[in-house]
Amino acid sequence: MASTTDRTKSPMRTSVWLEGKADRGRRSAQPAGLDRDKIIDATVRLLDAEGAARFSMRKLAAELNVTAMSVYWYVDTKDDLLELALDAVFGTVPLPDTDADADTGDWRDQLRALAAGYRALLVRHPWVSPLIGTYLNIGPHSMAFSRAAQQIVRNTGLPPHGQMGGISAVFQFVYGFGTIEGHFIERCAAAGLDQDEYFREAMGTIRERPQYRETFAQADELMEARGGDTVEEMRERDFGFALDLLIAGIEAMVERSKA
């Protein structure tokens, strides 16, 4: 196993994907009936149920009905396992065919599809967003996602110096939107309420406070104007409109680059 001291000596090497451990095969002395895929699947289930803060190798071993030492036959550290789980869930994001000709206009639909898939990932697995910022996130599924995003933005016609900015504009927006959405859903579940019930109770409580009354009166007007009968419908409208704004911005910048 890699010690904490070893990992802090070389922080740039602190990744299961850089240390030659991601493809470890089964050795004869390892426990029967257990493999890395089963361990990763159980890890994802526990992370979904309890979050990264409460995850432990001891809880994982109990979920698998094995000893904690049995898990360490397959991974050296908890960090390695979290990196493997992070890449595994990135493998669930559908990737569009990015080989289409840039002149067909397919990039718009592809960008929307990839953005929607990324958002769904962040909402379905709220533990993903903090781990993206914690680890290098360079596993094969994550890299496939990154290559798809890069190719789609390349197909927009943006000049090379603006392509990373285009990627950042879209996917940093989706990251923030999906992270907040996922946390809100978790908060509702913890309160034993659905999203609409929680929203109504929260807004009702806030409106009772004089210091917030004027601000939220203006917010009510905006919410009525945007439409939607439920929190989910309002959120879908906001997400779709924001993506349309970003796409329009990309189109405008492409035209500007041609002038």
Side-chain angles (χ1 to χ4, degrees), residues 40-56 59-60 62-63 78 81-82 85-94 112-135 137 141-142 145 169-246:
I40 293 171
D41 288 345
T43 298
V44 171
R45 289 196 303 272
L46 278 178
L47 289 167
D48 286 345
E50 301 189 4
R54 295 184 179 182
F55 176 81
S56 71
K59 287 183 178 180
L60 175 63
E63 174 77 9
K78 176 181 171 181
L81 185 53
L82 291 175
L86 179 61
D87 190 65
V89 295
F90 262 92
T92 66
V93 179
R112 288 188 179 96
L114 192 61
Y118 187 34
R119 173 192 170 195
L121 171 69
L122 293 164
V123 172
R124 188 165 57 247
H125 307 292
W127 51 271
V128 163
S129 57
L131 294 193
I132 288 174
T134 301
Y135 300 112
N137 204 23
H141 296 303
S142 301
F145 176 90
V170 174
F171 291 98
Q172 293 285 3
F173 153 69
V174 178
Y175 176 87
F177 194 101
T179 296
I180 292 171
E181 182 180 0
H183 289 171
F184 179 76
I185 292 171
E186 277 192 315
R187 194 178 307 124
C188 294
L193 301 171
D194 65 33
Q195 295 183 61
D196 297 314
E197 291 169 339
Y198 187 96
F199 181 78
R200 283 193 297 271
E201 289 200 14
M203 293 299 290
T205 301
I206 290 170
R207 288 191 186 96
E208 292 173 357
R209 304 294 179 91
Q211 65 268 38
Y212 299 124
R213 194 168 295 150
E214 182 178 349
T215 299
F216 276 85
Q218 297 172 357
D220 286 342
E221 295 175 5
L222 290 175
M223 291 173 60
E224 184 177 352
R226 77 179 177 178
D229 295 326
T230 67
V231 170
E232 188 172 353
E233 288 175 0
M234 290 187 288
R235 193 183 288 124
E236 289 300 324
R237 286 172 183 263
D238 289 346
F239 185 78
F241 189 78
L243 272 183
D244 286 344
L245 285 175
L246 290 166

Test side chain to side chain contact (heavy atoms under 4.5 Å, CB included) applied to Met203 and Phe199, step by step: CA-CA 6 Å; Met203 293 299 290; Phe199 181 78; 3.6 Å; yes
Hey, could you give me the [atom1]/[atom2] distance between [X] and [Y], rounded to the nearest 0.5 Å?
X	Y	atom1	atom2	answer
Arg200	Asp194	CZ	CG	6.5 Å
Leu46	Leu81	CG	CG	9.5 Å
Glu236	Arg119	CD	CZ	4.0 Å
Gln211	Ile206	CD	CD1	10.0 Å

Side-chain heavy-atom pair Leu122, Glu181 within 4.5 angstrom cut-off: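 No, too far: nothing below the 4.5 Å cut-off.
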Passing option when Val128 is tested against Leu86, Val123, Leu47, Asn137 for side chain to side chain contact (heavy atoms under 4.5 Å, CB included):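 Running side chain to side chain contact (heavy atoms under 4.5 Å, CB included) over Leu86, Val123, Leu47, Asn137 with Val128 returns exactly one hit, Leu86.
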Compare every heavy atom of [Y] with every heavy atom of [X], then report the nearest pair and how far apart it is.
X	Y	result
Ala85	Ile40	CA-CG2, 4.0 Å
Asp87	Ser142	OD1-N, 2.8 Å
Asp48	Arg124	OD1-O, 4.0 Å
Glu63	Ala42	CG-CB, 4.1 Å
Glu197	Leu193	OE1-CA, 3.5 Å
Phe184	Arg235	CD2-NH2, 3.3 Å

Pair Arg112 + Asp244, salt bridge at N-O below 4.0 Å: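 Looking at Asp244 together with Arg112, the answer is yes, because their closest N to O distance falls below 4.0 Å.
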Plane angle bin for Tyr118 and Phe90 - parallel if under 30°, tilted between 30 and 60°, otherwise perpendicular: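 Aromatic pair Phe90/Tyr118 classed tilted.
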For residues 169-178, which side-chain N or O atoms pair as donor and acceptor with protein atoms under 3.5 Å away, sequence neighbours left out?
{"residue": "Tyr175", "atom": "OH", "partner": "Ser129", "partner atom": "O", "Å": "2.7"}

Derivation and outcome, side chain to side chain contact (heavy atoms under 4.5 Å, CB included), residues Thr134 and Leu82: CA-CA 10 Å; Thr134 301; Leu82 291 175; over 6 Å; no
Side-chain donor/acceptor of Asp196 to backbone N/O of Thr230, under 3.5 Å: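 Here the side-chain-to-backbone pair does not exist.
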Donor-acceptor contact present, side-chain Glu233 to main-chain Asp229, <3.5 Å: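 Judged by distance alone, yes, a pair lies under 3.5 Å.
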